[in-house]
Each structure stands twice: as C-alpha cells, then as structure tokens.
Amino acid sequence: MSGLFDSIRASNQGTPEYQNLVAGKWQPQPEGETFEVRNPATGELIARAPSSTSREVEQAIDIARGRWSADVFPPIRRLEVMERARHLLLENADEITAIMTMESGKPITHTRKELHTTGERLMLTREETRALYGEYIPGEWVEDTRRKFAMVTRRPLGVVAALSPFNYPLFIGAAKIIPALLAGNAVVAKPASDTPLSLLLFARILQEAGVPAGMLNVLTGSGSKIGKPIMSSRHVAAITFTGSTRVGERIAETAGMKKLHLELGGKAAAIVLDDADLDHAAEQICKGVFSLSGQRCDAVSRVLVQQSVKNAFIEKALKASEKYQLGDPMDADTTMGPLINQHAVDKVTRLVEGARESGAESLTGGRHEDLFFAPTILDNVTRDMDIAREEIFGPVMPIITVADDMDALSVSNSVDYGLDGCVFSGNLDRALDMAAGMQDGTVSINSAPSHGVGHFPFGGNNRSGIGREGLKYSIDELTRLHTMIVARR
Ligand code: NAP
Ligand code: MG
C-alpha cells in the first residue's frame, strides 16, 4: 500500500470511514452522518461513506462555479494531469481493484479489466481533446453571408454534474469526469450508494495527479436525497447521468434548461436466424447474458430464435452456460459473482417466477442462495410476459420463438427501450437488413453487445436515453458550439 489513499479515509473502530472531496479537501459530512457499504458476496461491512445533504451539494456546486476557467486549469496542464493520473491508476491497481471487487461483488478479473479500460480512457480522451480545433466555414456559398466567414469552436459548459450507477463503479463515473475536465468544465460527481468507494479512490488519483482544487468535487449520499438539489440547481449547466430509466425520466422532468446526457436502461434482443453459426451464437449470447451476472445495460435480455433452429440453439446454449459458475469474486477463476443487493434478487425472482407461472420452463438455474443467482435459461417465454419486456439486470436468458425475419424485427422493436441489440446470421445482407430495421442506438452483427472503452459511439433511443457515449462523443455532449462571424466590408 502506497499510503496514497490515507488522506481520504479515517478508521472508526476498525472500519474505514471515507470522506467527500470538496474544494480540494477531503472532509466528512459536517454532522458525521454516514451510510454503510457492504460486500454483497459476504454481507460484511467494509466501509462507511458520508451521507451528504443538500447543504454540501450547494457548497460543492458553488465552489465548482467559482473555479472553472482556463486560467485555473490551462489546457496543456489538463493533458499532463491525465497522463500522470493514468500512471497512478496503474501503480495502485491492486488496491483499487480489491476494493472495487469487495464493494460490487464483481469478479476480480472483471474489475482488473475495468481499471485497465479506465486507464485507456484517460489516454484516448486526451488525444480526442487535442483534436478539438474547431471549424472554419466560408460564407461565399450563400448570398446572406457572402463577405463573411465563421469560426466554430467547442467551449466548456461550466459546472457538470456526473451521476453514476453501481455496475461499473470506476469506469462509468471516470468516463464522465475525464472528458468533462479535459474539455474545461468543473465537476460535481456522485457515485451510486451501493458502490461509492472506487470513484472516491479515482478522485484521489486525479487530485494527486494535479487537478486543481475545486475543479473536481465528489459527494456520496442517497440519490433520493441529494439528487433533487443537484438537478434543480441554477448553477449546474449539464447533467451527465447513467442509471435506470426511472431516475433518468425524473431528471428530465426536473432539470429545466440544462444540457442532459442520459444513458439509461436497456432490453437487448439477440436475434438468432436459421442460417446462424449456432456454436458461435450460443457462446456469444451466454457471454451477453451471464457476464457480470447480467448487471449490464447492454446485457442480452431476450433471445429471439427462429423455430427451426431453436432446439439446436438451446442444446448449445446449455453447454456454453456451464462456463459461468458462481464463486468468490476475489478468486481469479470465478466467472460470476452475486447480484448487488436484495432488491435486485427480489426483482429477478419476481420476473422468473412470473414467467414460470405463465408457462415458461426453466431449463437450468432459476434459484438463488443469498445474493448469488444461478445462470438461468427459460424456454417457452412469450412476448407478452413481463420478463420479455422489462429490463432484468440478472443472469437470465428468456427464449422466445419467432417465425421469420419480419416477426423477429417486430418483437425486437416492441419494447420501450432502444439501447442495444444483436443479430446472428451467416448472410451479411440479411443481417444488415435486420440491423437497419432495429430501433436500438447500437446493433452488433455476430457478436454480443459490448461497449468497452467507448471506441465506437453508443447510447439509447426511446426510453433508453438521450445522447451518445464514446471517446469523441462524450466530449461533444460536455461542450457547446460557439460561433464567431467575421465580415469584410
Ligand atoms: P439507479 O438506481 O438509477 O442509480 C443511478 C444513480 O442515480 C445512482 O448514483 C443513484 O444514487 C442516483 N439516484 C437515485 N435516485 C435518484 C434521484 N431521485 N435523483 C438523482 N439521482 C438519483 O441505477 P443503478 O441501479 O445504480 O444502475 C443500474 C441501471 O443503470 C440499469 O437500469 C442500467 O441499465 C443502467 N445503466 C445504463 C448504462 C448505459 O450506458 N445506458 C450503463 C450502465 C447502467 P443512489 O445509489 O444513492 O440511489
Ligand atoms: Mg440503485
């Protein structure tokens, strides 16, 4: 242990008590209010974090508002700081991934990958920011602007609020903070209460790397309590939020005239056509359904398979699912950990039980022990069941039979979401026709959806959100266009 993180937590009877970062200082909630952070794999208390109130939120926003300027954090310094942060992140990888695994229950192989991807994001967003030179637009093309030209540049928005979910405790928050700071904004960030620690560690790294005091503020606490003062603040210029559709819609209703970037829930369909390579489809779809126990916005959440290949597909999917075994998340051989909390287990149980009562058949799994839900495959799911329409966020593969391409497309497009989808076919023309007709923001052909570092843009349509994530696209979301027009007399 390097001691780098000593300043962000104190020990209270052996339990670490983490602090908020405001105005460049680590500080507890003034009345000492905290909430518990528990390991979902063991139930063990691992830390406490501040239960912030609207007062701390207002203070953090005020500080951020007074700080964001190119004088405080000049562009060339931002590039240096992000490079230094990448090295510090990698140097402290073991401690960060151990804490991330404990707070989230994600297998250690996944949290190591998440940390590595966050390092790549630091590197690649730097490069994208450097390419933001703007545009020159000649006016000659139009009579109105004949002796004019315009220079169009991207400018920071001001104070950006970054709210992130539990499922990628480090990466999603970082993927908001990094482009926001590089583009010249100040940030007030709030991680999910199930997994608040990883983002606090990341904030410490950015501070050590040289982010000036007040440019990045991180507060923990219940979203239902401190969400409102963040959303309704006149001094917050933009909200970048990743989380559930329910909360995203609340933000859209409350925020008023702010720029909104909302990455919300999904219900990815995997369409398996009768000419697909079924071994490959089964392997990819199991990965899409079961990795991170299905707690991914881009998780495959329903399989639409053509009748003639259904039995063959099921046989292969059952075999491929054996690779996913529940176990201790700290063990490098574990492929699946627990769900995040009891509420998540109850929701998955309700959907699976409801489907069974309406005639679905469980081919494997369907059980849980504590928070560990077994990989589950459900046959004979019909398109009107809740499990065919709602986001599951658990390791369940509902199989729905479709007649042909048109039928697959119509079922695929019948849900409220529109984030991801995928098509498996041996005929590229056929797959492209399907992909073009799907309502999702991103469609993958012959692979399960996976967003990685954000090299390709992604984001939702319908109730899956507003805006696009990605190396360049996130910078676009966190800046605004500024046009200067020059006239020659
Ligand atoms: P969530 O319950 O919506 O929480 C997300 C964040 O919002 C948390 O920080 C939460 O704080 C906060 N929050 C809760 N209530 C709030 C309120 N009234 N006002 C403002 N903020 C509030 O989501 P989650 O359960 O953590 O994450 C799972 C969801 O995220 C899934 O629906 C998944 O599809 C979605 N997701 C989407 C993407 C994407 O790219 N589209 C990626 C990952 C996840 P507390 O923790 O304190 O409640
Ligand atoms: Mg939650």
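Indexing begins at 1, ligand by ligand and atom by atom, following the structure's order. Because the structure is predicted, anything quoted here is derived from the model rather than measured.
- A donor atom on one side chain and an acceptor atom on the other are not found under 3.5 Å apart for S51 and Q29.
- Remark: among candidates A192, S164, G223, the nearest residue to atom 6 (C) of ligand 1 is S164, based on non-hydrogen atoms.
- The shortest N/O to N/O separation between L163 and ligand 1 does not fall below 3.5 Å.
- Seen from the ring of Y168, K106 counts as a face-on cation partner, given the 6.0 Å and 45° thresholds.
- Residue contacts with ligand 1 include P191, since one or more of its heavy atoms lies under 4.0 Å from the ligand.
- Note: F393 and F166 have perpendicular aromatic rings, judged against thresholds of 30 and 60 degrees for the angle between ring planes.
- Every atom of ligand 1 with a heavy atom of S193 under 4.0 Å away is listed here by number and element: 45 (P), 46 (O), 47 (O).
- Close approach of ligand 1 to R250 (heavy-atom distance below 4.0 Å) involves ligand atoms 18 (N).
- Note on ligand 1: M231 sits in its first shell, one or more heavy atoms being nearer than 4.0 Å.
- At least one heavy atom of F241 sits less than 4.0 Å from an atom of ligand 1.
- Near N167, meaning under 4.0 Å from any of its heavy atoms, are these atoms of ligand 1: 43 (C), 44 (C).
- If you look at H451 next to ligand 1, there are no close heavy atoms at all, none under 4.0 Å.
- Using a 4.0 angstrom heavy-atom cutoff, G465 does not count as in contact with ligand 1.
- A donor-acceptor contact closer than 3.5 angstrom links the side chains of H261 and E263.
- Contacts of S464 with ligand 1, taken as heavy-atom pairs under 4.0 Å, are absent altogether.
- Not a single N or O atom of T242, backbone or side chain, sits closer than 3.5 Å to an N or O atom of ligand 1.
- Note: no N/O pair closer than 3.5 Å links D194 and ligand 1 by distance alone.
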message = Under the criterion side chain to side chain contact (heavy atoms under 4.5 Å, CB included), I'd like the reasoning laid out for I400 against V303: C-alpha separation, chi angles, the key distance, then a yes or no.
response = CA-CA 6 Å; I400 302 169; V303 178; over 6 Å; no
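- Between F35 and T220, the closest side-chain pair of non-hydrogen atoms falls below 4.5 Å.
- R383 and S414 form no side-chain donor-acceptor contact under 3.5 Å, judged by distance and modelled atom types alone.
- With no hydrogens or angles considered, no side-chain donor-acceptor pair links T15 and R9 at under 3.5 Å.
- Looking at I172 against ligand 1, only its side chain comes within 4.0 Å, counting heavy atoms.
- At a cut-off of 3.5 Å, with distance as the only test, a side-chain donor of S52 or N20 sits close to an acceptor on the other residue.
- In the vicinity of S222, heavy-atom distances shorter than 4.0 Å reach the ligand 1 atoms 47 (O).
- Ligand 1 places these atoms under 4.0 Å from at least one heavy atom of S244: 1 (P), 3 (O), 23 (O), 29 (C), 30 (O), 32 (O).
- The distance from ligand 1 to the heavy atoms of G221 drops below 4.0 Å at these ligand atoms: 47 (O).
- Interatomic distance, S54 OG to K228 NZ, rounded to the nearest 0.5 Å: 10.5 Å.
- Using a 3.5 Å distance cut-off with no hydrogens or angles, the side chains of T129 and R78 do not pair a donor with an acceptor.
- Expressed to the nearest 0.5 Å, how far CD1 of I61 lies from CD of E56 amounts to 12.0 Å.
- No side-chain donor-acceptor contact under 3.5 Å links D440 and N461.
- Proximity to L419 (heavy-atom distance under 4.0 Å) selects the following atoms of ligand 1: 41 (N).
- Distances between N or O atoms of L264 and those of ligand 1 include at least one value under 3.5 Å.
- In this comparison of G467, G460, C297, the heavy atom closest to atom 42 (C) of ligand 1 sits on C297.
- Neither the backbone nor the side chain of R246 comes within 4.0 Å of ligand 1, counting heavy atoms alone.
- Of the possible polar contacts, one joining the E103 side chain to the S198 backbone as a donor-acceptor pair under 3.5 Å is found.
- The proximity of F458 to ligand 1, defined as any non-hydrogen pair under 4.0 Å, is limited to the side chain.
- Of the candidates G243, P165, A162, G243 brings a heavy atom nearest to atom 35 (C) of ligand 1.
- Atoms of ligand 1 found under 4.0 Å from any heavy atom of G227, numbered from 1 in the order shown, are 19 (N), 20 (C).
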